[in-house]
Amino acid sequence: MSHDGHHSVVIPAPGPEFVPHTVAHHFDTPVQEFQAAKLGFWLFLATEILLFGGLFAAYFYFHEAYPETFRVGGHQLDWRLGALNTSVLLLSSWTMAMGVRSAQTSQKQKTLLFCGLTVLGAVIFMVIKFFEYQAKNEHGLVVFSELFAPYDAATGSIPWFKDYHGVMAGLPHGHLFFAIYLTMTAIHGLHVVIGAGLILWIMKGAAKGRFHAGYFLPVDLVGLYWHLVDLIWIFLFPLLYLVP
Amino acid sequence: MSAHDHHAPGDLQMGHHHVSSAKLFFNVLMALLVLTVVTVAASRVDFGAANMLIAMGIASVKAALVIAYFMHVKWDTAINKIVFLSSFLFLSLLFIFTLADHATRRWDNDLHTMRTPVDKQWVYRQHEHAGDH
């Protein structure tokens, strides 16, 4: 219908504080635009599950192989900070769900408020994570300045794993737990940062009145991304901080 | 219930969408926080090998709550459900074959290394040990 480009489909704004949405020219209807974008985003989220899935497979493999290394390694992390960060992420997942709901019901101020609270949750999470990493750095369990130093095959020593207090002494492959801890939490942390950036972008659009009951697609998709970040952490918390 | 109820079908919007009540979202949040406390409490009790299964079981319930309600999958279209939930099917294949590999390996407990069942060096070392007696 609109393939000729002579006219485009426009979703009207529900009120003066909102702006109408023009459906991209390669879509016939708003429904088609919504369903196409949503299907594509679910496919992307499926690949995210598989990205973290590979790391979880590595965790389970080495946990089975060296249970004592993982048990003692897990005790080096502060489970209280882990539990606190879990609560922060769960709360931020709730504020995000409420943010999407506010967009769906054309409540502009509430959309901005809940998205802002979600970003605040992301900041608190990363600040706590920073202090955790700092403690690991001080104890030589993950020496960040040596992270990219070459491995010395002659001595077999791992540059980033110094273990100043010898907490992992005598355990097989003591560095392994911290290698998996850092890889999984750093990739997860990267998702937290990207998620927070996307939510700020959503807030910019919401402030202009772009999202309302007629059109809230970007809010919905960014919300899904943020819930995925929470989903991954739900498994990371018991596996890393409360090693079974 | 829905904010869209006053619109007639075919109105210019993205279609009809289920809008969850704020009460439902709050209840889900409370359930998730309670289950986090349960996770910590369960880790304090020694159930042996079952600790891992219990921890992953609780995490799976939490994940199901997030997926069904926060991510709205419960009200999503069949194709979107299939696309997202199938990723967990493929994930289980990855776990099953990875752990099958682990289960069929031999372990050199002195050196804390693993060897494949067909490792010549391993077989040779076993014979050597047998000859010592």
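Just so you know, these numbers use all the heavy atoms, side chains as well, and skip hydrogens, waters and symmetry mates. So you know, we letter chains A, B, ... as the sequences are listed, proteins then strands, and number each from 1.
Interface residue A:Tyr59: only side-chain heavy atoms are found under 4.5 Å from chain B. Looking at A:Trp226, neither its backbone nor its side chain comes within 4.5 Å of chain B, counting heavy atoms on both sides. If you measure heavy-atom distances from B:Asp76 to chain A, the contacts under 4.5 Å come from the side chain alone. For B:Val66, the part lying under 4.5 angstrom from a heavy atom of chain A is the side chain only. Both the backbone and the side chain of A:Leu217 come within contact range of chain B, each with at least one heavy atom under 4.5 Å from a heavy atom of that chain. With a 4.5 Å cut-off on non-hydrogen atoms, A:Phe56 touches chain B through its backbone and its side chain both. For chain A, the nearby part of B:Ser43 is the side chain; its heavy atoms alone come within less than 4.5 Å. Residue A:Glu64 touches chain B through both its backbone and its side chain, counting heavy-atom pairs closer than 4.5 Å. Within the 4.5 angstrom heavy-atom criterion, no atom of A:His21 approaches chain B. Looking at B:Tyr69, there are no atoms closer than 4.5 Å to chain A (heavy atoms on both sides), in backbone or side chain. Contact of A:Ser93 with chain B is made through backbone and side chain together, with heavy-atom distances under 4.5 Å. At a 4.5 Å heavy-atom cutoff, the contact between B:Leu94 and chain A is made by side-chain atoms alone.
A heavy-atom distance below 4.5 Å is not found between the side chains of B:Phe70 and A:Leu231. No side-chain heavy atom of A:Asp220 sits less than 4.5 Å from a side-chain heavy atom of B:His17. With a 4.5 Å cut-off on side-chain heavy atoms, B:Met52 and A:Phe60 count as touching. Counting heavy atoms from C-beta outward, A:Gln35 and B:Asn80 have side chains that approach closer than 4.5 Å. Residues A:Phe237 and B:Val40 meet the side-chain proximity criterion, which asks for heavy atoms closer than 4.5 Å. Between A:Met98 and B:Phe25 there is a side-chain heavy-atom pair separated by less than 4.5 Å.
Crowding of A:Phe44 atom CZ: a count of heavy atoms from other residues, nucleotides or ligands under 6.0 Å exceeding 12. Within a 6.0 Å radius of CZ in B:Phe97, other residues, nucleotides and ligands contribute 12 heavy atoms or fewer.
Here the CG atom belonging to B:Leu32 is positioned 5.5 Å from the CD1 atom belonging to A:Ile234, to the nearest 0.5 angstrom. Note that CH2 of A:Trp94 is 7.5 Å distant from CE of B:Met30, once rounded to the nearest 0.5 Å.
Pairing each heavy atom of A:Phe235 with each of B:Ala63, the nearest pair is CE1-CB, 3.6 Å. B:Met71 and A:His227 make their closest contact through CG-CB, 3.4 Å (heavy atoms, listed as atom of the first residue, atom of the second, distance). The shortest non-hydrogen separation linking A:Leu91 to B:Leu29 is CD2-CD2, 3.8 Å.
For chain A, the option among B:Leu33, B:Leu35, B:Leu85 with the highest count of heavy-atom pairs below 4.5 Å is B:Leu33. Annotation: maximal heavy-atom pairing with chain B below 4.5 Å, among A:Leu224, A:Leu39, A:Ile49, occurs at A:Ile49. Chain A forms the most heavy-atom pairs under 4.5 Å with one residue out of B:Asp101, B:Val28, B:Ile79, and that residue is B:Asp101. Between chain B and the residues A:Val23, A:Leu45, A:Thr47, A:Ile232, the most heavy-atom pairs under 4.5 angstrom are made by A:Leu45. Of all the listed residues (A:Pro238, A:Ala57, A:Gly54, A:Ala83), the one sharing the greatest number of non-hydrogen pairs under 4.5 Å with chain B is A:Ala57. Each of A:Val243, A:Leu239, A:Asp230, A:Thr29 has some count of heavy-atom pairs under 4.5 Å with chain B, and the biggest count is that of A:Leu239. Looking only at heavy-atom pairs under 4.5 Å with chain A, the residue among B:Ala50, B:Ser60, B:Ala42, B:Gly48 that has the most is B:Ser60.
Taking the six-membered ring where the residue is Trp, B:Phe84 and A:Trp42 present tilted rings, their angle falling between 30° and 60°.
Between the side chain of A:Arg101 and the backbone N or O of B:Ser20 there is at least one donor-acceptor pair closer than 3.5 Å.
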